[in-house]
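Read through the structure below, which is laid out as structure tokens, and then see the notes.
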Amino acid sequence: KVNDTFYIFGSHLAGAKSTDFMNWTLIGNGVKKSNPIIPNATEEMKEAFTWAKTNTFWAPDVVQLADGKYYMYYCNCEGSSPLSCLGIAVSDNVEGPYKNLGIILKSGMGSDELSEDGDTYDATRQPNVVDPCVFYDKEGRLWMMYGSYSGGIFILELNPETGTPLEKGYGKRILGGNHVRIEGAYVQYVPETDYYYMFLSFGGLASDGGYNIRVVRSKNPDGPYYDAAGNDMINCKGADGT
């Protein structure tokens, strides 16, 4: 929210705004020079497109930091594999144009390159670095929840001044693993209950995939998160070998 206007950002560099959640104005859509959000994205984020072997963006997130600037956490993914990268771009205006600050995470690398954890990348236990959700906790600390399928949903604490990770590696796994079908985590703190609520999708995107959104909660931004039956979501993962 900026002043009285709400903004939403989606895949393929789409952005829209509204003051009432009913009537929306498109800001831009598509990776092309006429898109004011990032007019020259193919050059601005050339390293990201090359790494992920794609020509488009997936779902980003935008947050305003203490310096008043807007930081876009963008992600690119090959699609049929977790060959992905996650980077940051910055703008003085929420609608852009955003200038690239660089990649902060990569996934899906082969055996000839070490993963962010310093070992050989394993998609059954390490994340696909897409679908970022950046949020402040009740103490003002900045976090990024992210991940899709593959090794699950992970969380990293960020530097509130720069927006970059405070630690090396992929961070802490919250749930998932062995390619269980989950993605799009979104976290919201509710003062009235003193809980952090995480919304995320389950199921596949195909017409018979049973795609649905569920919610889990925690007293801490980095978990543990529990479902309505009291199950610790760290145990929510695919069967070994899948």
Side-chain angles (χ1 to χ4, degrees), residues 1-31 35-41 44-45 48 57-76 85-105 129-147 153-167 171-172 174 183-192 194-200 218 220-222:
K1 183 183 180 184
V2 180
N3 298 320
D4 63 345
T5 304
F6 294 90
Y7 289 84
I8 187 168
F9 296 88
S11 296
H12 315 302
L13 206 55
K17 59 184 177 180
S18 174
T19 56
D20 60 8
F21 294 112
M22 296 295 291
N23 301 285
W24 292 86
T25 301
L26 189 69
I27 301 168
N29 185 37
V31 180
N35 191 328
I37 300 173
I38 309 176
N40 59 335
E44 191 77 23
M45 283 76 172
F57 292 101
W58 282 23
D61 197 16
V62 173
V63 64
Q64 187 177 28
L65 298 188
D67 60 6
K69 296 181 179 181
Y70 298 91
Y71 291 76
M72 174 183 285
Y73 290 75
Y74 64 87
C75 55
N76 308 70
C85 58
L86 199 160
I88 307 176
V90 65
S91 176
D92 292 327
N93 189 314
V94 66
E95 298 185 21
Y98 285 84
K99 301 294 291 183
N100 189 29
L101 294 178
I103 296 170
I104 58 172
L105 290 175
V129 296
V130 297
D131 294 352
C133 169
V134 181
F135 66 98
Y136 288 97
D137 68 13
K138 63 180 180 180
E139 298 173 349
R141 295 162 70 185
L142 189 65
W143 302 84
M144 180 177 72
M145 189 87 76
Y146 71 98
I153 305 298
F154 283 64
I155 190 168
L156 271 172
E157 186 171 0
L158 306 179
N159 184 326
E161 302 296 326
T162 64
T164 54
L166 284 175
E167 56 186 298
K172 180 181 180 181
I174 297 296
E183 61 185 1
Y186 176 81
V187 180
Q188 183 176 18
Y189 174 69
V190 178
E192 289 83 356
D194 194 30
Y195 273 105
Y196 295 88
Y197 295 87
M198 174 171 48
F199 302 82
L200 72 165
S218 175
N220 307 297
D222 59 344

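Small disclaimer: the values here were computed from a predicted structure and weren't measured.
- Qualifying side-chain contact (heavy atoms from CB on, under 4.5 Å) partners for Glu157, counting only residues two or more places apart in sequence or in other chains: Arg141, Trp143, Leu166.
- By the 30° and 60° cut-offs, the orientation of the rings of Phe6 relative to Phe21 is tilted.
- Once rounded to the nearest 0.5 Å, the distance linking CZ of Phe57 with CD1 of Ile38 reads 4.5 Å.
- In this structure, Asn35 contributes its side chain and Leu13 its backbone to a donor-acceptor pair below 3.5 Å.
- Partners of Asp20 by side-chain contact (heavy atoms from CB on, under 4.5 Å), not counting sequence neighbours, listed by chain and number: Ser18, Met22, Asn23.
- Although no hydrogens or angles enter the test, the distance criterion places no donor-acceptor pair under 3.5 Å between the side chain of Tyr195 and the main chain of Pro191.
- Contact record, Met145 with Ile174: SD-CG1, 3.8 Å, taken as the closest heavy-atom pair.
- Evaluation of the salt bridge (charged side-chain N to carboxylate O under 4.0 Å, His left out) test over residues 85-94, restricted to residues two or more places apart or in two chains, returns none.
- In this structure, the separation between CG on Asp61 and OH on Tyr74 is 14.5 Å, given to the nearest 0.5 Å.
- Nearest heavy atoms, Asn29 versus Ser11: OD1-O, 4.4 Å.
- Note that CG of Asn220 is 10.0 Å distant from CD1 of Ile155, once rounded to the nearest 0.5 Å.
- Applying the salt bridge (charged side-chain N to carboxylate O under 4.0 Å, His left out) test to pairs two or more places apart or on separate chains, those with a residue in residues 7-17 are Lys17-Glu95.
- With sequence neighbours left out, Tyr146 forms a side chain to side chain donor-acceptor pair (under 3.5 Å) with no residue at all.
- Partners of Asp194 under the salt bridge (charged side-chain N to carboxylate O under 4.0 Å, His left out) rule, at least two apart in sequence or in another chain, are Lys138, Lys219.
- Across all their heavy atoms, Asp131 and Gly184 have their closest contact at OD2-N, 3.2 Å.
- Of all heavy-atom pairs between Pro132 and Cys75, the closest is CD-SG, 3.9 Å.
- Side-chain contact between Val2 and Tyr70 is present, with heavy atoms from C-beta onward closer than 4.5 Å.
- The line from CD1 of Ile8 to CG of Leu26 is 11.5 Å long, rounded to the nearest 0.5 Å.
- Relative orientation of the Phe199 and Tyr186 rings is tilted, given thresholds of 30° and 60° on the angle between their planes.
- Gln64 and Tyr136 get closest at one heavy-atom pair: O-OH, 3.3 Å.
- Here the CG atom belonging to Asn40 is positioned 8.5 Å from the CE atom belonging to Met45, to the nearest 0.5 angstrom.
- Only one option out of Val187, Leu86, Thr164 pairs with Met144 in a side chain to side chain contact (heavy atoms under 4.5 Å, CB included); it is Leu86.
- Atoms CD1 and CG, on Ile88 and Asn100 in that order, are 9.5 Å from each other to the nearest 0.5 Å.
- A 4.5 Å side-chain heavy-atom check between Thr5 and Val94 finds every atom pair outside the cut-off.
- What you find for Phe135 and Tyr196 is that their closest heavy atoms are CE1-CD2, 4.3 Å.
- Formation of a donor-acceptor pair under 3.5 Å by the Tyr73 side chain with backbone atoms of Gly163 is found in this model.
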